[in-house]
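The next block holds one structure in the form of structure tokens; read it before the comments.
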Amino acid sequence: MAAGDPIAEVDSVRVRFLGKKGEVSRLLKQMGKLPPDERPKVGQAANTVRDAIETAVRQALDNARDEALRRELAGPPIDVTLPGRPLDVGPRHPVSRTWDEVVDVFRKMGFEAASGPEIEGDFYNFEALNIPPEHPARDMQDTFYLNSGRPAPAMTTEGGEGPDPGDVLLRTHTSPVQVRAMLRQAPPVRIICPGKVYRRDSDPTHTPMFHQIEGLWVDRNVTMADLKGTLQLFAKAFFGTKAQVRFRPSYFQFTEPSAEVDVSCSICGGSGTAAGASARSTVEPESCKTCSGTGWLEILGAGMVDPAVFEAVNYDPEIWSGFAFGMGIDRVAMLKYQIDDLRMLFENDARFLEQFP
Ligand code: PHE
């Protein structure tokens, strides 16, 4: 018997008399041995006894509970000075972590964090970036238009009237922040700008919303060598000292010359072969899935700011030069955390997210 606990004491009495192997059951089991005419009498008596015990047990239990409650209420109140038990808030999302880490690397190089609206005007998203209406370059970044024609007042530059922003749309890239930053201040400019962007795209490597990080550096005598050096430094700081970068000629309306920039594959170390494949093996080594056997992964678009962009923001292209780049944060997160399907990043499945403690 659990001494000292009245509720447990009452319960043990209940078991002793009313349990399956209790006194009352034992009595009832012996009924068969009685002469038939005595059975109803004895049965009735047994039932009466059982009912009486049940009532007594219930009463005793009620009393014991009341007594326990009375004792608790009479005791000392809750100790609010006890340390709290923290909630399990879970790990940070791999995109948020990558976002912060990338910004951090560029901050150390002297870039200042900037931001702009996700609901953007056509002027900022396209026209000032040298992409006029009806230009075919718009097709590569098909977006979601929110209305046709009327500029929203909030679309003007901070601190006064800006150019007519035109149609209102979900920005397709972070490049409009370049325009906003240059309209807001005189050169030199050195900004890094992470944010959400939107396109009409949906497949294993494209989601309608994704993240980019824009970089812009405008000053006197900024050259392509500065662009290369900056991105090389970033790759080594972010992916490790062995990381290499490669520039491939490309085309953007707002940069000239333009480049796509690849980083050596962090999974196969740039070899293009799957991890564990031996160089002496006689069988054809399996190619690395992450970089499709090329040894390189594209992470961003970049180039020297086109003079047409400087003209749109009233910077003199004879005096100022600069570079810009736009990096896919989700892509970089996939590389860093070895995630093979982009959509996993946005499904918010706790089983996936818990894998990045
Ligand atoms: N905005 C471009 C894109 O989204 C990337 C880019 C940014 C290219 C800056 C050059 C300079 O595709």
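Count residues from 1 along the sequence. Both counts, for ligands and for their atoms, begin at 1 and track the order of listing.
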Closest to atom 12 (O) of ligand 1 among Gln141, Met304, His173 (heavy-atom distance): Gln141
Those atoms of ligand 1 less than 4.0 Å from some heavy atom in Glu214: 7 (C), 9 (C)
Shortest reach to atom 11 (C) of ligand 1 by a heavy atom, considering only Ser175, Ser258, Gly215, Ala324: Ala324
Polar proximity ligand 1 side, Gln178 side, N/O cut 3.5 Å exclusive: no
Phe254/His173 aromatic ring centres below 6.0 Å: yes
Ligand 1 contact on Arg171 by region, counting heavy-atom pairs under 4.0 Å: neither
Charged N-O contact under 4.0 Å between Arg331 and Glu298: no
Criterion side chain to side chain contact (heavy atoms under 4.5 Å, CB included) against Val177, the qualifying member of Pro194, Cys193, Pro117: Cys193
contact_flag Met140 ligand 1 heavy-atom lt 4.0 Å: no
Ala302, portion touching ligand 1 at heavy-atom distance under 4.0 Å: backbone
Tyr337 and Phe356 aromatic ring geometry - parallel, tilted or perpendicular at 30°/60° bounds: perpendicular
Element-labelled atoms of ligand 1 that are located less than 4.0 Å from some non-hydrogen atom of Gln212: 3 (C), 4 (O)
Numbered atoms of ligand 1 (with element) below 4.0 Å of Arg199, judged on heavy atoms: 3 (C), 4 (O), 12 (O)
cation_pi(Arg180, Tyr124) dist<6.0 Å, angle<=45: yes
Within-4.5 Å side-chain heavy-atom neighbours: Thr143 and Asn125: no
Shortest protein heavy-atom distance from atom 7 (C) of ligand 1, along with the residue and atom involved: Gly326 N, 3.3 Å
Asp37 atom CG, over 12 foreign heavy atoms within 6.0 Å: yes
Protein heavy-atom partner closest to atom 2 (C) of ligand 1 - residue, atom, separation in Å: Phe254 CZ, 3.7 Å
Smallest separation among heavy atoms of Gln244 and Trp296, with atom names: O-CZ3, 3.7 Å
